[in-house]
Engineer: 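The structure that follows is given in the form of structure tokens.
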Amino acid sequence: HTRSFHVTGVQTCALPIWPIVLASVVPAWTDAFRDAAGGLGSRLIIVGPGQVPLDVLIPSPERLGIDRLVAAWGAVLRRGAPAIVVDLGTATTVDAVDASGGFRGGAILPGLALGARALADATALLPLVPPDAPATAIGTDTVAAIRAGTVIGHLGAIRELVNRMIAELGRPRPVVVGTGGIVGEPWMRAALLEPAGPGLPAIAGTVEPDLVLAALADIARPYEREGA
């Protein structure tokens, strides 16, 4: 059986009346989905660190964004440990899991679109330039220069973080997994998986755009078997 529900800002859709499994770092969305689950008569499972089978080796695990932990676990489940996860969303995160399956921490930087928007908002004349593949690092007009800076510069920051984390994790060499909706774009997929030039190796070994959603589906399965 299915029933329809609507969450403000999300297209109305029909879902089976199964448990709804949510990993949220936005309190307003957590409240919205709690209301939606109540309307469906469905159990809402709000995922916390205790439901993710990774050792969290940082001083304050309760402050870790659950999306980062779920993505790390999804990468380990599919690709093994050690692993580095590059998640390109509103923020870009680069997180490390060691060879024993311990979440070691990572880095957070403004996402591609957020960086472009901040540049436009904080300057008088620079336009908002949506992320896309730059033709060259040497922009010959303002739009091309912004695109080169925001995209190539962002990829350079990611490459530097990944290389430093590889060195810090040591042997065996970790697999690097790219995720986030934008990695489904052919140009971003190529930017992560292909060398950018001499001395600029590929950033990632694989990309999985829906890594977090797939990991949440894995977390949901035991609850489905319970008939929740």
Side-chain angles (χ1 to χ4, degrees), residues 1-54 56 58 60-78 85-95 97 103 105-118 120-121 128 130-131 150 154 158 177-185 188 207-224 226 228:
H1 301 289
T2 64
R3 290 175 64 186
S4 295
F5 78 99
H6 178 76
V7 177
T8 302
V10 177
Q11 183 179 1
T12 301
C13 61
L15 285 179
I17 308 176
W18 291 339
I20 297 172
V21 178
L22 178 68
S24 174
V25 292
V26 183
W29 282 111
T30 303
D31 293 340
F33 274 89
R34 187 178 285 112
D35 292 342
L40 284 167
S42 182
R43 182 180 178 186
L44 176 65
I45 309 297
I46 299 176
V47 177
Q51 286 130 310
V52 181
L54 282 181
V56 181
I58 60 175
S60 301
E62 72 281 357
R63 300 181 64 182
L64 173 65
I66 192 63
D67 54 336
R68 295 171 62 194
L69 189 58
V70 170
W73 181 64
V76 171
L77 193 64
R78 286 157 181 79
V85 182
V86 177
D87 191 347
L88 292 104
T90 305
T92 291
T93 58
V94 185
D95 289 316
V97 179
F103 183 92
I108 303 173
L109 60 157
L112 272 169
L114 181 60
R117 188 162 60 248
D121 288 347
L128 177 61
T150 54
H154 197 73
I158 293 170
V177 182
T179 190
I182 198 171
V183 305
E185 297 287 340
M188 178 54 77
V207 295
E208 298 195 26
D210 299 322
L211 181 64
V212 172
L213 291 177
L216 285 175
D218 293 329
I219 291 171
R221 288 192 181 97
Y223 296 101
E224 292 177 17
E226 292 171 7

Engineer: Looking at every heavy atom in both Ala72 and Val97, which two are closest together, and how far apart are they?
Structural biologist: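 In terms of heavy atoms, the two residues are closest at CB-CG2, 3.7 Å.
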Engineer: Please name all residues satisfying salt bridge (Lys or Arg N to Asp or Glu O under 4.0 Å) with Arg34, sequence neighbours left out, ordered by chain then number.
Structural biologist: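 Here the qualifying residues are Asp31.
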Engineer: Between Val47 and Leu216, is there a side-chain heavy-atom distance shorter than 4.5 Å?
Structural biologist: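 Yes, close enough: below the 4.5 Å cut-off.
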Engineer: Give, for atom CZ of Phe103 and atom CG of Leu64, the distance between the pair rounded to the nearest 0.5 Å.
Structural biologist: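 Reported to 0.5 Å precision, the distance equals 4.5 Å.
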Engineer: Could you tell me which residues satisfy side-chain contact (heavy atoms from CB on, under 4.5 Å) with Arg78, sequence neighbours excluded, listed by chain and number?
Structural biologist: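 Arg78: side-chain contact (heavy atoms from CB on, under 4.5 Å) contacts with Glu208, Leu211, Ala214, Asp218.
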Engineer: Quick one: side-chain contact (heavy atoms from CB on, under 4.5 Å) partners of Ala107, sequence neighbours excluded?
Structural biologist: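 Testing Ala107 for side-chain contact (heavy atoms from CB on, under 4.5 Å), a comparison that skips the adjacent residues, returns Leu161, Met165.
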Engineer: Are Ile158 and Leu88 close enough, and set up right, to give a side-chain contact (heavy atoms from CB on, under 4.5 Å), and what steps lead you there?
Structural biologist: CA-CA 10 Å; Ile158 293 170; Leu88 292 104; 4.0 Å; yes
Engineer: Answer yes or no: is there a donor N or O on one side and an acceptor on the other, between the side chain of Thr92 and the main chain of Leu109, under 3.5 Å?
Structural biologist: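 Checked: no pair found.
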Engineer: Please name all residues satisfying salt bridge (Lys or Arg N to Asp or Glu O under 4.0 Å) with Asp87, sequence neighbours left out, ordered by chain then number.
Structural biologist: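 Counting only residues at least two positions away or on another chain, Asp87 forms no salt bridge (Lys or Arg N to Asp or Glu O under 4.0 Å).
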Engineer: Going by side chain to side chain donor-acceptor pair (under 3.5 Å), name the residues that satisfy it together with Thr30, two or more places apart in sequence or in a different chain.
Structural biologist: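 With sequence neighbours excluded, Thr30 shows a side chain to side chain donor-acceptor pair (under 3.5 Å) to Ser24, given in chain and number order.
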Engineer: What's the verdict on side-chain contact (heavy atoms from CB on, under 4.5 Å) for Met188 and Leu112, showing C-alpha distance, side-chain angles and the deciding distance?
Structural biologist: CA-CA 11 Å; Met188 178 54 77; Leu112 272 169; 3.3 Å; yes
Engineer: So which heavy atom on Pro110 is nearest to which on Gly115, and how close?
Structural biologist: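 Closest approach of Pro110 to Gly115, heavy atoms only: CB-N, 4.5 Å.
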Engineer: For the OG1 atom of Thr93 and the CZ atom of Arg68, what is their distance to the nearest 0.5 Å?
Structural biologist: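 Between atom OG1 of Thr93 and atom CZ of Arg68 there are 6.0 Å.
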Engineer: Measure the spacing between CD1 of Ile58 and CZ of Arg63 and express it to the nearest 0.5 Å.
Structural biologist: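 Answer rounded to 0.5 Å: 9.5 Å.
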Engineer: Check the pair Val52 / Val70 against side-chain contact (heavy atoms from CB on, under 4.5 Å), numbers first and verdict last.
Structural biologist: CA-CA 7 Å; Val52 181; Val70 170; 4.1 Å; yes
Engineer: Could I get the full list of side chain to side chain donor-acceptor pair (under 3.5 Å) partners for Thr150, not counting sequence neighbours?
Structural biologist: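 Side chain to side chain donor-acceptor pair (under 3.5 Å) check on Thr150 returns nothing, list empty.
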Engineer: Are the side chains of Ile219 and Trp73 in contact, using a 4.5 Å heavy-atom criterion?
Structural biologist: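 Side-chain contact under 4.5 Å: yes.
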Engineer: On a heavy-atom basis, which atom in Pro130 and which in Leu128 lie closest, and how many Å separate them?
Structural biologist: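 Result for this residue pair: CD-O, 3.7 Å.
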Engineer: Hey, mind stepping through Leu69 and Leu54 against side-chain contact (heavy atoms from CB on, under 4.5 Å) and telling me if it holds?
Structural biologist: CA-CA 8 Å; Leu69 189 58; Leu54 282 181; 4.0 Å; yes
Engineer: What's the shortest heavy-atom distance between Thr179 and Pro209, and which atoms?
Structural biologist: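 For Thr179 and Pro209, the tightest heavy-atom pair comes out as OG1-O, 3.3 Å.
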